[in-house]
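The structure under discussion appears below in the form of structure tokens.
Computation of the quantities below employed the complete heavy-atom set of this structure, encompassing side-chain atoms and omitting hydrogens, waters and symmetry-equivalent molecules.
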Amino acid sequence: MTRDQYIKHPAISASRIKRFYTGDISYAQKALTEGAAFHFDLLEQPFDDMPPGTQNVYKAIHEVAMLGELFDKAEHEYIALNNVTLGGITVEGKGMMDLCWLERGIIADVKTTSAKNIQAFADDMVKHCNHVQAVWYSLLMGFDPKQFYYIGVPPKVKKSGAFTDLYLYRHNDTEIESATQLIINYLHNGTNG
């Protein structure tokens, strides 16, 4: 399935569920466009074709062997279509994961961020309903949501290329349960909107 086919496919996506709660986010269009360009460069371009800042992020990821292995062995921009049953309702769901390591049951999402520290980054992930995305993708894949990781990319890592400037985060039980309840509520009340 191509990216265009994925976008047009009518199954329920994490973005659709998130939009139910966050509303129109066109005010952030500049950041979204820049983030999409960065994702393309990091996840779909050969290293030599990446801009210097993106090369530094790649280097930071590969500074730690385990994170580099995840990046190298995972499928990039992995598309999944599957039925999801939650709260007594079954729907067709879809997702496009930045990194999906099928053999290990791990999903990782690369997020550009202006957060000044890991706690601010973690708070933003919940504030913007990204915990819904984490649980939704995990449900689609049949993976444990505790195996969903964020790789937060603040501007400083694009300059430094240092692993210590990345933010690595995964949701706690409370955040996972909150996201699960938000998805159930959406399935019961938002699927007609």
Side-chain angles (χ1 to χ4, degrees), residues 1-29 31-33 35-36 39-40 43 70 74-113 115 119-152 167-193:
M1 174 177 277
T2 67
R3 184 186 304 267
D4 285 342
Q5 290 170 327
Y6 168 81
I7 291 168
K8 291 176 184 171
H9 190 76
I12 294 174
S13 67
S15 297
R16 190 161 138 197
I17 300 168
K18 287 166 48 176
R19 199 167 38 254
F20 179 74
Y21 293 104
T22 62
D24 180 26
I25 58 168
S26 60
Y27 65 88
Q29 193 57 50
L32 294 170
T33 300
H39 273 77
F40 175 79
L43 298 172
L70 163 63
E75 299 289 330
H76 293 209
E77 301 291 346
Y78 184 78
I79 294 173
L81 296 174
N82 210 342
N83 285 336
V84 173
T85 302
L86 198 61
I89 296 176
T90 299
V91 296
E92 183 184 24
K94 67 179 181 177
M96 183 183 298
M97 289 147 254
D98 289 350
L99 300 166
C100 186
W101 194 355
L102 297 166
E103 294 77 17
R104 296 287 176 97
I106 297 172
I107 301 168
D109 194 51
V110 179
K111 294 282 190 203
T112 54
T113 181
Q119 186 58 55
F121 176 73
D123 293 344
D124 280 350
M125 292 304 95
V126 174
K127 175 183 170 186
H128 298 296
C129 287
N130 288 312
H131 60 325
V132 167
Q133 175 183 321
V135 171
W136 186 253
Y137 286 176
S138 299
L139 289 167
L140 280 173
M141 297 302 298
F143 294 171
D144 182 344
K146 287 215 162 188
Q147 292 289 89
F148 183 103
Y149 295 87
Y150 295 101
I151 303 170
Y167 302 143
L168 298 183
Y169 184 71
R170 67 180 177 161
H171 290 293
N172 59 43
D173 291 336
T174 302
E175 293 165 348
I176 290 169
E177 179 56 29
S178 169
T180 302
Q181 290 305 314
L182 289 171
I183 294 168
I184 290 170
N185 179 61
Y186 173 80
L187 294 178
H188 282 277
N189 300 302
T191 54
N192 295 325

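- In this structure, H9 has no ring-ring contact (aromatic ring centres under 6.0 Å, His included) partners at least two apart in sequence or on a different chain.
- Using a 4.5 Å cut-off on side-chain heavy atoms (C-beta onward), I184 and H188 make contact.
- Listed by first then second residue, pairs satisfying salt bridge (Lys or Arg N to Asp or Glu O under 4.0 Å) with a partner in residues 122-133 number zero, not counting sequence neighbours.
- S13 approaches Y6 most closely through the heavy-atom pair CB-OH, 4.3 Å.
- Heavy atoms only, all atoms of each residue included: T174 and N172 are closest at N-OD1, 3.1 Å.
- The CG atom of L182 lies 11.5 Å from the CD atom of E175; values are rounded to the nearest 0.5 Å.
- Taking D4 as the reference, nothing meets the side chain to side chain donor-acceptor pair (under 3.5 Å) condition, with sequence neighbours excluded.
- L70 meets the side chain to side chain contact (heavy atoms under 4.5 Å, CB included) test with L67, A74, W101, I106, A108; sequence neighbours excluded.
- Y150 meets the side chain to side chain donor-acceptor pair (under 3.5 Å) test with H171; sequence neighbours excluded.
- Between the OG atom of S15 and the CE atom of M96 there is a distance of 10.0 Å, given to the nearest 0.5 Å.
- Y78 and C100 get closest at one heavy-atom pair: CB-CB, 3.8 Å.
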Give the table of side-chain donor-acceptor pairs shorter than 3.5 Å for residues 141-148, with sequence neighbours excluded, one pair per line with atom names and distance.
{"residue": "D144", "atom": "OD1", "partner": "K146", "partner atom": "N", "Å": "2.8"}
{"residue": "K146", "atom": "NZ", "partner": "D173", "partner atom": "OD1", "Å": "2.9"}
{"residue": "Q147", "atom": "OE1", "partner": "Y149", "partner atom": "OH", "Å": "3.4"}

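- Between the NZ atom of K8 and the OG1 atom of T2 there is a distance of 8.0 Å, given to the nearest 0.5 Å.
- Closest approach of G93 to A11, counting heavy atoms only: C-CB, 3.8 Å.
- Using a 4.5 Å cut-off on side-chain heavy atoms (C-beta onward), C129 and F20 make no contact.
- In this structure, NE2 in H76 is found 13.5 Å from CE in M97, a value given to the nearest 0.5 Å.
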Less than 3.5 Å apart, which donor and acceptor atoms pair up between the side chains of residues 80-88 and the rest of the protein, not counting sequence neighbours?
{"residue": "N82", "atom": "ND2", "partner": "L140", "partner atom": "O", "Å": "3.0"}
{"residue": "T85", "atom": "OG1", "partner": "T90", "partner atom": "OG1", "Å": "2.6"}

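- Y186 places none of its side-chain heavy atoms less than 4.5 Å from the side chain of V132.
- Listed by first and then second residue, the salt bridge (Lys or Arg N to Asp or Glu O under 4.0 Å) pairs that reach into residues 82-100 come to none, sequence neighbours excluded.
- Residues forming a side chain to side chain donor-acceptor pair (under 3.5 Å) with Y167 (at least two apart in sequence, or on another chain): none.
- With sequence neighbours excluded, the residues satisfying side chain to side chain donor-acceptor pair (under 3.5 Å) with K18 are N130, Q133.
- Within the 4.5 Å cutoff, the side chain of L187 has heavy atoms near those of the I12 side chain.
- Scanning for salt bridge (Lys or Arg N to Asp or Glu O under 4.0 Å) contacts around D109 gives K111, with sequence neighbours left out.
- One finds the CD1 atom of I107 at 12.5 Å from the CD atom of E75 (value rounded to the nearest 0.5 Å).
- For F40, the side chain to side chain contact (heavy atoms under 4.5 Å, CB included) partners are E44, Q45, not counting sequence neighbours.
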